[in-house]
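To find a chain, count down the sequence lines: A is the first, B the second, and so on, and within it residues start at 1. If you're wondering where the values come from, they're calculated on a predicted model, not measured in any experiment.
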2 protein chains.
Amino acid sequence: MFENRVTELRPVFNPRSIAVVGATTDEHKSGSKWVLGLRAAGYRGALYPVSPRGGSIAGLTIYPSLESVPGDVEHVIASVPVASALQLMDECIRKHARVVMFFTAGFAETGSQAGRELERVMLEKARAAGLRIIGPNCIGSYCPGDRIPLGPAAPGRLGIPGKTGFISQSGGIAAKLVENGIARRICFSKGVSVGNSIDLDASDFLEYFGGDTGTNAVGVYLEGTRDGRRLFRTLRSVCGLKPVVVWKGGRTAAGAAAARSHTGSMASSAPVWSAALRQAGAIEARSLEELTDCLLLLQQLGPIRVRNVAVVGGLADGGGGISVSGSDACNDNALAVPELSLGTKETLQQLIGEVGSILRNPVDVSPAQFRGPDTLFRALETVAHEPGIDVILLQEDMDIMLSFLGRAETQVINAYLATLPKVCGKPLVMVLPSGSAETERVEVEAQLLAAGVPVFPTMARAARALGLLSHRPVPAQ
Amino acid sequence: MFENRVTELRPVFNPRSIAVVGATTDEHKSGSKWVLGLRAAGYRGALYPVSPRGGSIAGLTIYPSLESVPGDVEHVIASVPVASALQLMDECIRKHARVVMFFTAGFAETGSQAGRELERVMLEKARAAGLRIIGPNCIGSYCPGDRIPLGPAAPGRLGIPGKTGFISQSGGIAAKLVENGIARRICFSKGVSVGNSIDLDASDFLEYFGGDTGTNAVGVYLEGTRDGRRLFRTLRSVCGLKPVVVWKGGRTAAGAAAARSHTGSMASSAPVWSAALRQAGAIEARSLEELTDCLLLLQQLGPIRVRNVAVVGGLADGGGGISVSGSDACNDNALAVPELSLGTKETLQQLIGEVGSILRNPVDVSPAQFRGPDTLFRALETVAHEPGIDVILLQEDMDIMLSFLGRAETQVINAYLATLPKVCGKPLVMVLPSGSAETERVEVEAQLLAAGVPVFPTMARAARALGLLSHRPVPAQ
C-alpha cells in the first residue's frame, strides 16, 4: 500500500541534491546554518548554497540564483524573506525541483488576509507545475540514514538511524523529539515538520510512512487539520499496518487558541479528537513525554500487549515503597499485578525470604543483594518464569546500588540484566531514576537500551507507556 | 501549638549523642556505614559505635555494650538481628536513652504472629519506661543542619539545610526524597522514615512539624495508618498552620496488597483517602514527582494560589509547539491562560511582532532572540506587567539556546531571568528540559534555584504543581 506516495516523496527524505536558498557567507544566518549542519553531518548528495550576494561557505561556492546552480536540484530549502516566496516558487519550477521546504514564516498563521492569499497563490503554482511544498513555517525533513539533520540549529546532532518515523506540525516539538531520541536511543528512520502544511500535510506523510518499509512505528504531533475526514481515513489504514502514536496539541481552549496563531490550525474539541483517534486505532499520547515513551517502547519491544506485570523493586532502591508505588502505577493504567503462585513464592522465600520480605508481587529483592549476584539472578529468573507474568518491571537505583555493592558487582548485575529477556524469554522494562551517580546511570541506560531493553525515568512513566500500548484500540473496519 | 511534642522529639532530630548498635570493624556492615556516614557528614555530637566484638571504626572506640558507653546516650540507632531487639530495648531503658530507632526489620510486616507479638512487648517496655521507638523497619531521621544524613547508604550526601520537613513510611521513598532534594535544591529542615511505626507514627511527627518553627511546609508519604481518626484530626490542625503535601502509596488494589507486606499497613480505598485529605486541607500528590514538585514550589514561592498564567515559549525552543502544549497543560490543571490586553499585545507587536507571532497568550518570544537581549527583556517585562497575570511560566531550551545565541549571550539572559521576579514583582516558574547541553542546563538550574525561581523539567509537571497548590483545599473547621 501507498507505494506511489513513497516514490513521490522520496526527494523529501532521500534527495540526491539539495539547494539552500538564503545561505550566505555570514555563518549566523539560518540558511548558512543549514549548509553547515548538512556538511557537519556528512550529507553525501550534491549541496548548493544560493544567495544573490555570492561568495563561499564551508568550502562550497554560493550560487547567485537557483537557476545558476550547475546540476539538478531535487530538494530546495528556502530560508528567504516572506516577500521573496513567490519569486522563489517560480525559480524552483523553472529548475524542475521536486520539493521546496519553506523555513520562512509569516503566512496564514499571522491571521492576515495577505498571508492566506499568498499561500493560495503558492499552492496554485505548485499544483500546476507538479512541485510539492513542505510548510511554510516549519523546519523540514530529517533522515539520519542519509545524514540529513533536522533544522538549522544543531550541526552534527544526527542520531542513530532506525525504524521510527515522525510527523510534527511544530518545528520545536520535532526538534525536541529528535533531542529526546538521541538522549534515549530512539532511532528514527525519517521525520518531518509540516508547519502550515498548505500542500503536503500530515495525511500525505502518514501514507508515506504507512508504505515505507524502513519504518515500523510512527509518532505524530498535530495541532489541527484542514481535512479531518481524510486524516482519519488515512490514519485508520496506516494503523492497520503499523502502530501510530498521536499527540494532539491544542486539546484545551487555551491550547487551541494558541494553535490557531501557531500553525493556523482550527482545532476541534478534545473529546471529538480522542474518539476519532480511538476509532482509527491510534494510540493517544497527551504530552511529549508520553509520545516519546510510547515510541521507545514500540522500538524496543514491538507492538506488545501485556496484561500481567511483575513489579520488582529492591535493586538497591530501598524496595518496599518503590514496589508499592510501582503497583499503584500499574493499576492506574489498568495493568494487573497478580499474586504469584505458591510454588514461586516458596522458591523466593528459600532464596531471599529472610525478613520483611515482599514476595507476593510486587517482589522486593533487596535481601538478595546481600547474598551475592547469583542469588539475585535466581530470584529474578524465578519471577520471570511464573507462567501468568507477561513482563517484568524492574527499578534499579544506580547511586544506592554503587554505594551498597560497589562498582564491580554493580557491573556484573547490569550485564546480567541486559541478557535477562533472552534468558527468560520475557520482556524486561527497566526504571533507572536520576540520582547522584548520574554518569554511571547514563552508562547503564545506554548499555540496556543497546541490548533492546526499554528504560524509563520513573515507574509511573513506564506503567503509563505499557498501559497505552497494551490497551491501544483496534482500527475500526 | 504542639510545643510539648517539639520538646519531646528534640532527641529524634537534634540528639546531643548517638550510639550505633551493630557498628563493627567491618565497614560493609550497615551499622558501620551509619557511623561512617555520620562522621563523613561532620556530626558534632558524641558518637558511640557499639558491638560486643569491640575494636574501632573511623578512629572511634567500639564499646562492647550500650551500658559500657562512658557518656549519656540520647538517640540509639539499632542495626541488630531481630532476635536481639528485646534485649536492646532493656539496655536502652537502663541507659536512659530518649529514643531508639530500629533499622532492623522482620517484625509484623512479615505477617507472622511472632512478629506482631514482639512489637507488642517492645511497645509495652517503651511505654513503661518513657522511651520512644522509631520504626522498626525504617531508616530513621535526617537533619542536615545538625549534619545527620539519612540512613546508612550514602556517606557525605547531606544536602543544604532549609525549611521543608518530611515524613515517610518507606525508607526507600525517604532516600529518594532526599536525593531529589539534593538534585533540585529542595532544602530540608528535618525528615523521618517511620516504617512500621509501632510507637512514634505519622501523627506524632505531623504534630512535631506543625510546632517546629524551622519548618514551613511538610511532605508526607504514607501507606496506611492504625488510627485514621487521629491522623486526619492532626492533619487538619497542621494544615491550618502550614501547607502539607500527602502522597498515599497503596491507592490501588495491587498497591494496597504490597503495602500490607511492606509496612504492615491496612490501607483504605483511594476515594476515601482523597476525600479525607481534602477535608483536612492537605494537598494530595499521586507520585514521588508530584510530591517533590509541590515541595519545591512551596519552598521557592511559598503557599501561593494563582489563577492566570502567562505561558511564554520561544526562548530558543522553537516556540510555537511548546506554547501550545504549555497552554494545554495549564488548562488540564484548571489554570487560565487569558488573552492579553490590547495594549500589551500592541507593545509586544512593536517589540517582537515580525512574522508568525504568537502574542495572544501564550506568547512566543522567539523573534526577540534575534534582536538582542534588551528586546527580549522588554518583551518579558511587558508580559509580566499585564495586570491580570499572576505568574509567568517560561520554557528555555539550553541546547538550542547555546547553539543559536552562543555562550556569552545565553549567560546574560539567564542572569537576567534570575532577577525577573524582583524586577517585575511577579513569580517566575521556569521549565528547563533535558537536552544535549546537560552540563550547562544543570548550571543554569542551580543559578535560578538559588535565586528563588522554581525549575521544572517539563511544562506538564510545572503546571501540575501550580494547579495542585492553587486549588488546594481549605482545612474544614
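Neither the backbone nor the side chain of B:N361 comes within less than 4.5 Å of any heavy atom in chain A. For chain A, no part of B:E438 is nearby; none of its heavy atoms comes within less than 4.5 Å.
Contact count against chain B (heavy-atom pairs under 4.5 Å) is highest for A:D332 among A:T104, A:D332, A:T458. In terms of heavy-atom pairs under 4.5 Å with chain B, the best-connected choice from A:H28, A:R286, A:E289 is A:E289.
In plain terms, the two heavy atoms of A:S434 and B:K176 that are nearest each other are O-NZ, 3.4 Å. A pairwise comparison of heavy atoms in B:G249 and A:V324 identifies C-CG1, 3.7 Å as the closest pair.
At least one donor-acceptor pair under 3.5 Å links the side chain of A:D328 to the backbone N or O of B:G250.
Expressed to the nearest 0.5 Å, how far CH2 of B:W247 lies from OG of A:S325 amounts to 4.0 Å.
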